[in-house]
Amino acid sequence: MRKPSLSLGPLVPVMAFSNGTLVHPAYFLLVGIPGVGPDVHFWLAFPLCFMYALATLGNLTIILIIRMERRLHQPMYLFLAMLSTIDLVLSSVTMPKMTILFLMGIQEIEFSVCLAQMFLIHALSAMESAVLLAMAFDRFVAICHPLQHASVLTGPTVAKIGLAALTRGFVFFFPLPFILKRLSYCRTHTVTHSFCLHQDIMKLSCTDTTVNVIYGLFIILSVMGVDSLFIGFSYILILRAVLELSSQGAALKAFNTCISHLCAVLVFYVPLIGLSVVHRLGGPTTLLHVVMANIYLLLPPVVNPIVYGAKTKEIRSRVIHMFSQGGR
């Protein structure tokens with residue numbers, strides 16, 4: 001069986017605008033994993049398909065269980081449903097195109113499609129960060145102020161928080177495609193990832209990218225940076241409240257409700273911080289950049305439903321019940 005080949009340097013048709021000041025490629029070329037041959041790419045497509053199926057099935061299961069079970073219509077589970085919805089969309093934005101790239105060797109992605117994918121990746125990541133912050137606030141109120149939890153996080157309040165997360169992700173990242181369109185791309189048109197990211201596209205420009213660098217740094221610090229600080233502060237207060245409990249059993253039980261959320265936070269923020277650091281160091285994109293970007297985008301949609309399904313008794317029991325009913 002002939003394996004598809006991933007070419008790194010074919011000529012790309014260019015769209016030159018009439019005013020002669022901007023040069024945009026008709027399409028970009030996705031590399032996949034640098035230094036990896038077509039045979040390895042071909043076989044990597046199969047675990048990628050499995051990951052996509054697992055992410056889709058896991059997140060859909062959580063969404064449907066929370067939708068059907070009225071007793072799960074509580075802030076913690078409603079935020080979890082939002083997180084699963086974001087993960088479901090994020091995996092659908094990235095994984096199918098990656099699978100086609102690895103399996104069939106089709107590298108081309110249209111310029112406008114690349115910008116749209118880039119916007120969705122960054123906007124959805126910002127929404128996920130906001131939902132993780134909301135979940136941290138929910139745990140803070142539930143543990144530190146349990147008597148006020150029901151009055152503070154009402155149904156309308158949860159809905160407003162979800163709408164705010166959606167709006168903020170859209171507003172902050174909506175300018176990105178437009179500030180990339182103002183650049184000319186007269187160098188190589190090869191994107192050294194398996195998907196389109198702002199930092200990677202920006203590096204392909206032969207014009208001044210100062211605005212892109214400043215705005216990109218601003219939104220990372222003001223969105224993900226602020227969220228991570230508030231999440232950390234929430235857990236400092238939670239830990240202090242837990243340590244003040246007289247019973248060790250009560251302290252462990254209270255903190256156990258945070259384990260799933262802590263795992264989701266670490267899976268999301270550790271690769272994000274690492275990716276941001278290596279990109280800010282400058283230089284050409286390396287295998288480390290690509291691996292960290294893949295972990296950052298592919299891991300949370302797969303891991304989150306597994307962690308929450310295993311650690312959340314109500315969801316776990318409902319899944320077991322569904323499979324036991326299906327086996328009869």
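All values derive from a computational prediction rather than experimental measurement.
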Measure the spacing between [atom1] of [X] and [atom2] of [Y] and express it to the nearest 0.5 Å.
| X | Y | atom1 | atom2 | answer |
| --- | --- | --- | --- | --- |
| Ser228 | Phe268 | OG | CZ | 9.5 Å |
| Tyr308 | Ile65 | OH | CD1 | 15.0 Å |
| Ile201 | His193 | CD1 | NE2 | 11.0 Å |
| Leu239 | Ser234 | CG | OG | 12.5 Å |
| Phe172 | Met127 | CZ | CE | 12.5 Å |
| Thr85 | Leu166 | OG1 | CG | 11.0 Å |

Aromatic plane relationship, Phe28 with Tyr185 - under 30° parallel, 30 to 60° tilted, over 60° perpendicular: perpendicular

CA sep, side-chain torsions, deciding dist, call: Leu30, Ser194, side chain to side chain contact (heavy atoms under 4.5 Å, CB included): CA-CA 6 Å; Leu30 301 173; Ser194 308; 5.9 Å; no

Non-hydrogen side-chain atoms of [X] and [Y] separated by less than 4.5 Å:
| X | Y | result |
| --- | --- | --- |
| Leu298 | Met98 | yes |
| Val93 | Phe195 | no |
| Leu60 | Leu88 | yes |
| Pro301 | Tyr52 | no |
| Phe119 | Leu176 | no |
| Val40 | Ile33 | no |
| Tyr296 | Val270 | no |
| Ile295 | Val267 | no |

Give a yes or no answer on whether the side chain of [X] reaches the backbone of [Y] with a donor-acceptor pair at less than 3.5 Å.
| X | Y | result |
| --- | --- | --- |
| Gln117 | Cys196 | yes |
| Asn59 | Pro305 | no |
| Ser205 | Met202 | no |
| Ser129 | Ser125 | no |
| Asn212 | Ile179 | yes |
| Glu110 | Tyr27 | no |
| His122 | His198 | yes |
| His73 | Ile66 | yes |
| Thr99 | Met95 | yes |

Exceeds 12 heavy-atom contacts within 6.0 angstrom, atom CZ of Phe46: yes

Salt bridge (charged side-chain N to carboxylate O under 4.0 Å, His left out) between Asp208 and Arg182, worked out: CA-CA 10 Å; Asp208 183 32; Arg182 55 178 282 279; 5.7 Å; no

May I ask whether [X] and [Y] are part of the same hydrophobic cluster, defined by side-chain heavy atoms of I, L, V, M, F, W, Y residues being less than 4.5 angstrom apart, directly or through others?
| X | Y | value |
| --- | --- | --- |
| Tyr269 | Val226 | yes |
| Met224 | Val131 | yes |
| Phe50 | Leu48 | yes |
| Val223 | Val265 | yes |
| Val303 | Ile306 | yes |

Measure across [X] and [Y] and return the closest heavy-atom pair with its distance rounded to 0.1 Å.
| X | Y | answer |
| --- | --- | --- |
| Pro300 | Glu128 | CB-OE2, 3.9 Å |
| Leu180 | Met118 | CD1-CE, 3.4 Å |
| Pro175 | Tyr215 | CG-OH, 3.5 Å |
| Ala293 | Leu197 | CB-CD1, 4.2 Å |
| Thr94 | Leu297 | CG2-CD1, 4.1 Å |
| Tyr77 | Leu72 | CB-O, 3.0 Å |

Working for side chain to side chain contact (heavy atoms under 4.5 Å, CB included), residues Ile220 and Phe218: CA-CA 6 Å; Ile220 283 290; Phe218 166 72; over 6 Å; no

Sequence neighbours excluded, every pair satisfying salt bridge (Lys or Arg N to Asp or Glu O under 4.0 Å) that has a member inside residues 231-256: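 Checked against salt bridge (Lys or Arg N to Asp or Glu O under 4.0 Å) - neighbours excluded - no pair reaches residues 231-256.
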
Salt bridge (Lys or Arg N to Asp or Glu O under 4.0 Å): pairs with one or both residues in residues 62-91, sequence neighbours excluded: Glu69-Arg71, Glu69-Arg318

Distance flag, aromatic centroids of Phe102 and Phe42, threshold under 6.0 Å: no

Steps toward side chain to side chain contact (heavy atoms under 4.5 Å, CB included) verdict (Val302, Met51): CA-CA 6 Å; Val302 176; Met51 288 176 66; 4.0 Å; yes

Steps toward side chain to side chain contact (heavy atoms under 4.5 Å, CB included) verdict (Ile161, Leu153): CA-CA 10 Å; Ile161 291 173; Leu153 285 168; 4.0 Å; yes

Ring pair (Phe, Tyr, Trp, His ring centres under 6.0 Å) evaluation trace for Tyr235 with His261: CA-CA 11 Å; Tyr235 270 101; His261 178 254; 5.7 Å; yes

Evaluation steps, side chain to side chain donor-acceptor pair (under 3.5 Å), between Thr192 and Asp200: CA-CA 7 Å; Thr192 51; Asp200 210 27; 3.1 Å; yes

Solution key, residues 133-150 side-chain donor-acceptor pairs under 3.5 Å, sequence neighbours excluded:
unit_1, atom_1, unit_2, atom_2, d
Asp138, OD1, His149, NE2, 2.7
Arg139, NH1, Thr257, OG1, 3.4

